[in-house]
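None of these values were measured; they are calculated from a predicted model. Ligands are counted one by one from 1 in listed order, and the atoms in each one are counted from 1 as well. Index from 1, following the sequence.
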Amino acid sequence: MASHPGSAEDRRNDVLERHRETADAVVPERTSLYIGGEFVESAGGETFATTDPTTNQELASVARGREADIDRAVDAAWEAFETEWSGSSPGDRQRVLLEIADAIEDNADELARLETLDNGKPITEARIDVNSAAEQFRYFAGIVRENGGETMTEGSRYGQVISEPYGVVAQVIPWNFPLLMASWKLAPALAAGNCTVLKPAEQTPLSALRLAELLDGIVPDGVVNVVTGFGEEAGDPLTRHPDVRKVAFTGSTAVGKQVMTNAAENVTDVTLELGGKSPVVVFSDVDVPNAVQLITAAIFYNTGECCEAGSRLFVHEDVADDVLDGLVDAIAGMEIGDPLREETDLGPKVSTAQVDRTLEYLEAAQDAGGRFLTGGDRPDDEVLSEGCYVEPTLIEGLEHDHTAVQEEIFGPVLEVFRWSDYETMMELANDVDYGLAGGVITDDITQANRAARDIEAGYIWINSYHDLVPGLPFGGYKQSGIGRELSADTLDHYRQTKTINLSLG
Ligand code: NDP
């Protein structure tokens, strides 16, 4: 890992000062709940702190919403739906969505810095998130006028099949891509004509609150409501609320199951985007440096805090030594440090709880005889000691049924398996409860296509990873979720079908 001039204390002070100055410039002033077009305190007046995972300093005190606040937000959303938004035309909504995209782009630099402060992701990656967030609104603005629907005549009978919005939807999002996940949820919900109550993750509420400020003045009051708070106190009452007609959730599979149970109480439609433990399959014909670059991106992008991260590597034995040597070298050259610096490749994880969770898996892997080719602990650098850092880690030699292999670590940890027999390898690649994504690296199109079809997952990259294109549906098989995002299918998840059977005879 790269070394730097200057004493550790000087460098630590540099980081603290950079973060303090950035926080002064970009942390939003209004950190209360956004309900009915107004920023309001929580009913109980309680707050909680959101911290910067690079410095562990408090960034802001944020309103702690509970059931009474959820009730208020759901009521405000229904009022907005009944008085205004249900009467909006696709053209009205298209204009609103485009204005939101412009507002995000106009404030891109500030939003990216805010996201880096609150989440810890490298600034270069935060900028990609912000651009993609704007793209979401543009994509759904593009398809909002495609009303779809069908008609059918049979004798004197004239049938129409139309789509209508649900009314009020509940949306709960995680901390790994806070602004982007807010956009993945808001854009299709609004495009389909719904009003929404959004609950951001407790670790990263700030970009959603800043987005609410930007929406104020573009979106009619009450169409979008943001209730910050904790899962059990705000997420739970929101997802079991009897007046919510659709629930959309992104997060862990464990909480996803709970959310599904909540939604079942009212037979509410639910879509879930949950965890993953995605395989990356490397064939023997690969160009090793190119494969190393793809594998590195697949696991270490966003510090491994990606639901689709390629976290299990299946590398053909003919190239395994070269690929693993290449990975160890690539990791040694990674810049781990202050995510606000342009040079940084790997920032901190989102919280100390997430560091502890990752280290527990690493300890279990060590106890089970896993060989650490590199990493395995917090970085040995005084400057990083205050932050939530974990070294990029490569582990070989674990049994595939070990917990560290089967469960989502959600950190910069890659588990390696060598293979020679395709069928045996594919059996292992599919031997997890998850099925979100997968990667295939080879120049042989026939092998690539076969592997892409054999991997049991909803999204497969061949010779790339992570790039998601609006229009190509994203979502999971097995316990990775229900429903698809990023595509026209998503609009249908936010609409219900009505059949009008008219007898003219
Ligand atoms: P969670 O699934 O707990 O968090 C996701 C969202 O759900 C947050 O807004 C959270 O609120 C909310 N939530 C928590 N409990 C409830 C509940 N009972 N009802 C409704 N909403 C609830 O993820 P964690 O933050 O606990 O992370 C744990 C693990 O989950 C990670 O290590 C990772 O493996 C996985 N994960 C997967 C993600 C993905 O994209 N697939 C994203 C995030 C995590 P709050 O945070 O405010 O408590």
Side-chain angles (χ1 to χ4, degrees), residues 48-50 53 62-67 70 118-119 121 170-178 180-182 184-185 197-206 208 226-241 244 247-265 268 270-278 301-309 311 349-361 388 390 403-404 406-413 432-437 458-459 466 468 474-476 478-483 485:
F48 66 97
T50 182
V62 176
R64 181 168 172 175
R66 291 179 185 265
E67 189 163 0
I70 292 294
D118 211 10
N119 166 278
K121 64 178 64 207
Q171 305 186 304
V172 178
I173 55 170
W175 40 260
N176 52 344
F177 291 91
L180 190 56
M181 288 304 106
W184 278 30
K185 293 285 177 278
V197 179
L198 176 79
K199 196 208 82 69
E202 73 196 47
Q203 298 85 347
T204 55
L206 296 180
V226 179
V227 178
T228 48
F230 298 148
E232 298 74 22
E233 297 170 0
D236 180 74
L238 176 59
T239 54
R240 64 167 81 237
H241 200 290
V244 156
V247 172
F249 172 81
T250 298
S252 61
T253 295
V255 174
K257 289 178 183 177
Q258 181 58 49
V259 163
M260 205 170 168
T261 309
N262 287 356
E265 281 180 21
T268 306
V270 61
T271 43
L272 305 169
E273 203 265 273
L274 307 176
K277 190 78 192 191
S278 302
Y301 190 76
N302 208 46
T303 321
E305 294 176 338
C306 299
C307 48
E308 79 279 11
S311 49
K349 286 181 63 59
V350 74
S351 64
T352 42
Q354 278 297 316
V355 173
D356 294 345
R357 192 171 179 272
T358 302
L359 294 178
E360 273 169 33
Y361 280 113
C388 302
V390 174
T403 9
Q406 291 291 315
E407 294 179 10
E408 185 177 44
I409 297 180
F410 228 60
V413 180
V432 286
D433 290 336
Y434 296 111
L436 188 57
Y459 204 106
H466 288 306
L468 292 166
F474 178 78
K478 302 197 280 186
Q479 293 196 24
S480 288
I482 299 174
E485 301 196 89

Would you check whether [X] has a nitrogen or oxygen atom less than 3.5 angstrom from a nitrogen or oxygen atom of ligand 1?
{"X": "W175", "value": "yes"}
{"X": "G251", "value": "yes"}
{"X": "Q258", "value": "no"}

Handout entry: Salt bridge E485-K185, side-chain N to carboxylate O under 4.0 Å
Key =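 Result for this pair is yes, salt bridge flagged.
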
Problem - Note: E233-R66 ion pair, threshold 4.0 Å (strictly below) - result: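 So E233 pairs with R66 through a salt bridge.
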
Can you tell me if [X] uses its side chain to pair, donor with acceptor, with the backbone of [Y] under 3.5 Å?
{"X": "K121", "Y": "N176", "value": "yes"}
{"X": "Q479", "Y": "Y434", "value": "no"}
{"X": "T50", "Y": "Q203", "value": "yes"}

Considering only heavy atoms of [X], which atoms of ligand 1 have at least one such atom less than 4.0 Å away?
{"X": "A201", "result": "9 (O), 46 (O), 47 (O)"}
{"X": "G275", "result": "41 (N)"}
{"X": "T250", "result": "5 (C), 40 (O)"}
{"X": "F249", "result": "2 (O), 6 (C), 7 (O)"}
{"X": "V172", "result": "6 (C), 7 (O), 9 (O), 12 (C), 21 (N)"}

To which protein heavy atom is [atom] closest, and what is the distance rounded to 0.1 Å?
{"atom": "atom 34 (O) of ligand 1", "value": "E408 OE1, 2.9 Å"}
{"atom": "atom 41 (N) of ligand 1", "value": "L274 O, 3.0 Å"}
{"atom": "atom 19 (N) of ligand 1", "value": "D236 N, 3.4 Å"}
{"atom": "atom 23 (O) of ligand 1", "value": "S252 OG, 4.0 Å"}
{"atom": "atom 20 (C) of ligand 1", "value": "G235 C, 3.2 Å"}
{"atom": "atom 28 (C) of ligand 1", "value": "Q354 NE2, 3.9 Å"}
{"atom": "atom 44 (C) of ligand 1", "value": "F410 CE2, 3.9 Å"}
{"atom": "atom 39 (C) of ligand 1", "value": "C307 CB, 3.5 Å"}

Handout entry: Pair Q406-K277, side chain to side chain contact (heavy atoms under 4.5 Å, CB included): steps then yes or no
Key = CA-CA 7 Å; Q406 291 291 315; K277 190 78 192 191; over 6 Å; no

If you measure from [atom] to every heavy atom of [options], which option wins on shortest distance?
{"atom": "atom 17 (C) of ligand 1", "options": "S480, G231, G481, P174", "value": "G231"}
{"atom": "atom 3 (O) of ligand 1", "options": "N176, L238, T261, V255", "value": "V255"}
{"atom": "atom 10 (C) of ligand 1", "options": "K349, K199, R64, E202", "value": "K199"}

Handout entry: atom 26 (O) of ligand 1 within contact range, any protein heavy atom under 4.0 Å
Key =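 No, because not a single protein heavy atom sits under 4.0 Å from atom 26 (O) of ligand 1.
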
Practice task
Measure from atom 1 (P) of ligand 1 to the protein's non-hydrogen atoms and state whether any distance is below 4.0 Å.
Solution key: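 Answer yes: something from the protein, a heavy atom, is under 4.0 Å.
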
Problem - Ring centres under 6.0 angstrom apart (F177, W184) - result: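 No; W184 has its ring centre 6.0 Å or more from that of F177.
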
Exercise for the section: Using a 4.0 Å heavy-atom cut-off, say whether R357 meets ligand 1 through its side chain, its backbone, both or neither. Expected result: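 Contact part for R357 vs ligand 1: side chain (C-beta onward).
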
Practice task
Mind checking whether I173 contacts ligand 1 via backbone (N, CA, C, O), side chain (CB onward), both or neither, at a 4.0 Å heavy-atom cut-off?
Solution key: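 It is the backbone that touches ligand 1; the side chain stays farther off.
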
At a 4.0 Å cut-off, with the gap strictly under it, does some heavy atom of [X] reach an atom of ligand 1?
{"X": "E305", "value": "no"}
{"X": "G229", "value": "yes"}
{"X": "F177", "value": "no"}
{"X": "M181", "value": "no"}

Problem - Listed partners of T204 passing side-chain contact (heavy atoms from CB on, under 4.5 Å), at least two apart - result: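 Testing T204 for side-chain contact (heavy atoms from CB on, under 4.5 Å), a comparison that skips the adjacent residues, returns D118, N119, W175, P178, A201, V350.
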
Handout entry: Atom CD of E407 with >12 non-hydrogen neighbours under 6.0 angstrom
Key =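 Correct, the count exceeds 12.
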
Handout entry: Results of salt bridge (Lys or Arg N to Asp or Glu O under 4.0 Å) for K199 - residues two or more places apart only
Key =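 Scan of K199 (salt bridge (Lys or Arg N to Asp or Glu O under 4.0 Å), adjacent residues dropped) gives none.
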
